[in-house]
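Heads up: the structure comes next, in structure tokens.
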Amino acid sequence: RVEGRQLTTQDGRVRHLQGFSTPGLEWNPTGENTHQSFEVAIRDWNVNVIRLPVKSTYWFGEGCVYYPQHDGGAAYRKLVDELIDYARQHGCYVILDLQEFQAPTKKHAAFWTSAAARYANHPAVLFDILNEPHDIGWKEWRDGLADNTNSIGMQALINAVRATGARNVIVAAGIDWGYDLSGLTEGYTLTDSKGNGIIYSTHIYPWKSDWNTKILKAARDFPVLVGEVGCQDKPMPFETKIAHDPYTWAPEVLAFIQRNQLNWTAWSFHPEAGPSIIADWNYTPTPYW
């Protein structure tokens, strides 16, 4: 549960979450070495949390032409069950991440009505309710748009979770592709009277700047998870050149995380979903990480 700026267990012990994301299930309903990645992450990398991206269409069995589903999503949900059970058995938390974008909608609420009921009060599971809100302002982020019945806001997603009886800790990413948390200090906070609290999430990459304004002001008063963080030694598809030298940026951002006692899950534990912290499926670390 959330206690001040920290996460604590029921008996009051502080839990500092450190791990990474294991992508794959958001584009392939069977995953990509996902079981193996969970095993290696916990056994060899000593993580205490894994962020698991999922997709609502696969959850409900609405597969695409490349990955058709004929079981209403039953196999997909079973796979998520297995991964969560494995993590719990080995003392690791799972952040169930709805890896979708822009603004909260009724479809996202429907996903959480289903997923939250399935994992209600599971001791190992946190709910990351929308991966990367973007191209919206703070009022729309929190409350949705009054003239658009499909734009419901992050608060409505929290309410959907709590309506199931699930008290699990909720992860809520800020605006600007999940990076900016500055609105929290301007009154745009979320409320949770029926659960174990909210931890706010920021996604830090080399093309984002001004950590102090966008993150630290909020982190003085609220618990923060760096839900994604990463760099690589080649430009991203939208870059003409690398934003920063990964060999200096990686230790700098890790020092920032540790100095400010932030929780974090690096992106990503997959060699082809950059920025990557592994170079291949032998789980060779990329040298700058």
Side-chain angles (χ1 to χ4, degrees), residues 1-9 12-21 47-53 92-99 101 104 125-134 136 138 141-142 153-155 157-158 161 168-192 195-231 249-268 275 277:
R1 64 185 57 172
V2 171
E3 295 286 349
R5 295 182 59 250
Q6 297 177 318
L7 295 173
T8 67
T9 60
R13 290 175 294 164
V14 173
R15 280 287 179 265
H16 182 222
L17 301 182
Q18 300 187 92
F20 34 69
S21 296
V47 304
N48 66 6
V49 63
I50 295 175
R51 183 168 175 262
L52 179 63
C92 183
Y93 294 94
V94 174
I95 298 173
L96 189 65
D97 159 43
L98 181 55
Q99 187 76 4
F101 305 88
V125 182
L126 297 80
F127 298 148
D128 193 341
I129 54 177
L130 187 66
N131 172 50
E132 288 182 335
H134 65 88
I136 58 175
W138 281 106
W141 174 85
R142 186 186 64 187
M154 297 287 271
Q155 186 62 56
L157 297 185
I158 292 174
V161 169
N168 310 54
V169 169
I170 285 175
V171 178
I175 63 172
D176 188 16
W177 297 89
Y179 172 61
D180 183 0
L181 298 179
S182 62
L184 302 180
T185 63
E186 300 167 2
Y188 290 100
T189 55
L190 301 166
T191 60
D192 179 27
N196 290 330
I198 302 163
I199 182 169
Y200 293 96
S201 177
T202 179
H203 294 185
I204 307 178
Y205 290 108
W207 49 90
K208 299 295 185 183
S209 60
D210 195 5
W211 298 346
N212 288 333
T213 300
K214 303 300 186 182
I215 302 168
L216 280 191
K217 285 186 178 180
R220 295 188 187 111
D221 298 316
F222 303 98
V224 170
L225 166 77
V226 182
E228 291 186 14
V229 56
C231 59
W249 191 88
E252 180 183 1
V253 77
L254 288 176
F256 171 79
I257 289 169
Q258 293 173 353
R259 183 169 60 248
N260 294 288
Q261 298 181 314
L262 307 178
N263 302 274
W264 62 293
T265 48
W267 186 274
S268 76
I277 62 175

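Each residue takes its place number in the sequence, starting with 1. Predicted model, so just to flag it, every value in this text is computed and none were measured.
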Using ring-ring contact (aromatic ring centres under 6.0 Å, His included) as the criterion, list what pairs up with His203, not counting sequence neighbours. none

Say you draw a straight line from OG1 of Thr202 to CG of Leu184; how long is it, rounded to the nearest 0.5 Å? 10.0 Å

Hits for ring-ring contact (aromatic ring centres under 6.0 Å, His included) against Trp141, two or more places apart or cross-chain, chain-then-number order -> Trp138

Verify, without hydrogens or angle tests, whether Arg15 (side chain) and Asn48 (backbone) share a donor-acceptor contact under 3.5 angstrom. no

Heavy-atom distance under 4.5 Å between the side chains of Phe20 and Ser268, does that happen here? no

Please answer whether the main-chain N or O of Asp97 pairs with a side-chain N or O of Asn131 as donor and acceptor at a distance below 3.5 Å. no

Under the side chain to side chain contact (heavy atoms under 4.5 Å, CB included) test against Ile95, which residue among Ile50, Ile199, Val171, Val169 passes? Val171

Sequence neighbours left out, cut at 3.5 Å: what donor-acceptor pairs do the side chains of residues 215-225 make with other protein atoms?
none

For Arg259, enumerate each residue passing the salt bridge (Lys or Arg N to Asp or Glu O under 4.0 Å) test, keeping only those at least two apart in sequence or located in another chain. none

Please, which pairs that meet salt bridge (charged side-chain N to carboxylate O under 4.0 Å, His left out) have at least one residue in residues 168-186, sequence neighbours excluded? Asp176-Lys208, Asp180-Lys214

Got a donor-acceptor contact below 3.5 angstrom from the Asn168 side chain to the Val125 backbone? yes

Closest approach of Trp264 to Val49 (non-hydrogen atoms, all atoms of both residues): O-CG1, 4.3 Å

Hey, are the side chains of Phe256 and Val226 touching, using non-hydrogen atoms and a 4.5 Å cut-off? no

Considering residues at least two apart in sequence or located in another chain, which fulfil the ring-ring contact (aromatic ring centres under 6.0 Å, His included) criterion with Tyr179? none

In this structure, OH of Tyr188 is separated from CE of Met154 (nearest 0.5 Å) by 15.5 Å

